[in-house]
Amino acid sequence: MDHLEALDVGDWISFGTAVVAVIAAVISAWQAHIARSSGQKQLELAERVHREQNEPYVIVDIEPYMPTGHPLLMLVIQNIGPTVARNVRISVDRPIETTWGDEAAETLERVLSRPIPMLPPGRRLTYLFDDHERWKTDLPRVYVFTVQAEGPYKEVEPMEYTVDISTWAETLAGERPTLRLEEALDDIATKLGGLVRRYNEVTVPVVREERERQLREVEERRARRVSRAGSRTPPADGEGQAEPPVIPPQQ
């Protein structure tokens with residue numbers, strides 16, 4: 001206490017200044033740490049976004065295909081990413097079953113178990129899976145596919161797809177394969193029919209008037225030719241000729 005009481009005002013000011021400087025240094029160090037941590041996280045996030053934007057994206061799905069009167073179900077493998085997918089491996093959570101029998105199921109199992117060496121961007125592989133009869137059976141409706149692949153940055157994060165084919169049963173199952181095309185063609189035919197009728201309403205009177213004008217011109221030219229030809233016709237015998245002179249008799 002005696003020592004503290006011995007400090008004069010200047011010493012107290014110096015002491016306070018030192019304390020403030022220490023606190024400011026601590027705060028600056030803490031802010032710098034936060035800034036470095038935040039910057040590192042932002043850098044890692046930017047690198048992750050850049051990596052994901054340039055990685056292949058391989059999906060597996062089951063979708064309808066209707067080239068005939070009844071829909072078929074197709075197993076689809078497609079790379080919708082911007083880069084080439086290499087060493088693509090696909091697994092499924094349960095054995096494939098189909099109404100087409102064991103041979104068709106074994107074919108699909110081989111397709112899924114066989115690695116795909118390369119799958120370029122936009123490449124789409126389709127395989128027959130089943131048909132509309134499946135919805136009349138107790139065969140599995142849900143499959144879980146897991147896709148592993150390699151991209152420009154080596155191994156891509158595995159993707160898992162849960163496919164429920166029962167969602168198609170109430171949508172396109174009863175629709176004719178050409179129904180939408182027929183509706184579109186009918187709409188086009190209706191619009192074209194209206195355009196043709198309007199075109200005829202506008203152009204037919206004009207065309208008729210033009211033809212009549214051309215016929216009048218033809219008749220006028222013919223009449224002029226006949227008139228000119230008539231004016232050049234030679235006169236008949238004795239018409240338009242001067243009488244011979246009279247010669248007086250000689251004495």
Side-chain angles (χ1 to χ4, degrees), residues 51-190:
R51 175 174 177 173
E52 291 179 351
Q53 288 177 342
N54 290 277
E55 283 184 338
Y57 199 89
V58 180
I59 63 172
V60 179
D61 197 4
I62 299 174
E63 60 184 41
Y65 174 64
M66 296 180 292
T68 60
H70 301 288
L72 301 175
L73 292 173
M74 309 295 293
L75 175 68
V76 178
I77 303 172
Q78 185 175 6
N79 180 11
I80 62 174
T83 56
V84 176
R86 302 182 186 277
N87 192 23
V88 180
R89 290 96 62 200
I90 302 172
S91 59
V92 62
D93 65 329
R94 64 177 64 190
I96 298 295
E97 297 181 70
T98 173
T99 59
W100 292 342
D102 294 340
E103 185 175 352
E106 291 173 1
T107 300
L108 291 171
E109 290 283 357
R110 285 197 303 271
V111 167
L112 294 175
S113 63
R114 181 175 59 240
I116 303 174
M118 181 185 69
L119 199 62
R123 177 67 57 84
R124 177 183 173 92
L125 306 176
T126 58
Y127 305 92
L128 287 172
F129 183 82
D130 214 326
D131 60 17
H132 66 288
E133 294 295 332
R134 189 182 189 92
W135 288 299
K136 302 177 183 179
T137 68
D138 295 329
L139 294 178
R141 305 288 183 90
V142 180
Y143 288 93
V144 179
F145 298 95
T146 302
V147 179
Q148 295 175 292
E150 297 176 3
Y153 305 96
K154 298 303 180 181
E155 196 71 24
V156 178
E157 181 180 356
M159 301 296 295
E160 188 175 279
Y161 302 97
T162 301
V163 180
D164 186 358
I165 60 178
S166 62
T167 56
W168 297 111
E170 290 80 21
T171 55
L172 301 177
E175 184 176 293
R176 293 199 311 276
T178 58
L179 178 60
R180 297 183 182 180
L181 179 60
E182 293 171 5
E183 292 175 349
L185 291 176
D186 289 341
D187 183 58
I188 293 173
T190 301

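Since this is a predicted model, take the numbers as computed values, not measurements. When a residue number appears, it is its place in the shown sequence, counting from 1.
Under the 3.5 Å distance criterion, the side-chain polar atoms of W168 are matched with a main-chain donor or acceptor of I62. For E109 (side chain) and I96 (main-chain N/O), a donor-acceptor pair under 3.5 Å exists by modelled atom type.
Heavy atoms only, all atoms of each residue included: Y161 and I59 are closest at OH-CG2, 3.4 Å. Shortest non-hydrogen contact noted between T98 and A105 is CG2-N, 3.6 Å. When every heavy atom of F145 is checked against every heavy atom of V60, the shortest pair comes out as CG-CG1, 3.6 Å. Nearest heavy atoms, S166 versus D164: OG-OD1, 2.6 Å. Taking all atoms of both residues into account, the shortest heavy-atom contact from A85 to V58 is CB-CG2, 3.6 Å. Taking both residues in full, the closest heavy atoms of Y143 and E97 are given as OH-N, 3.3 Å, listed atom of the first, atom of the second, then distance.
Every residue two or more places apart in sequence or in another chain was checked for a side-chain hydrogen bond (donor to acceptor under 3.5 Å, both in side chains) with Y57, and none qualifies. Every residue two or more places apart in sequence or in another chain was checked for a salt bridge (charged side-chain N to carboxylate O under 4.0 Å, His left out) with K154, and none qualifies. Annotation: side-chain hydrogen bond (donor to acceptor under 3.5 Å, both in side chains) contacts of T83 (sequence neighbours excluded): none.
Applying the salt bridge (Lys or Arg N to Asp or Glu O under 4.0 Å) definition to pairs two or more places apart or across chains, those involving residues 127-150 are D130-R134, E133-K136. Residue pairs meeting the salt bridge (Lys or Arg N to Asp or Glu O under 4.0 Å) criterion with at least one member in residues 78-96, sequence neighbours excluded: R89-E155.
Atom CD1 of residue I77 and atom CD1 of residue I116 lie 4.5 Å apart, to the nearest 0.5 angstrom. Distance check: L112 CG to T107 OG1 gives 11.0 Å after rounding to the nearest 0.5 Å.
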Between side-chain atoms of residues 118-129 and protein atoms elsewhere (two or more places apart, or another chain), which donor-acceptor pairs fall under 3.5 Å?
from : atom 1 : to  : atom 2 : distance (Å)
R124 : NH1    : Q78 : OE1    : 3.2
R124 : NH2    : E63 : OE2    : 2.2

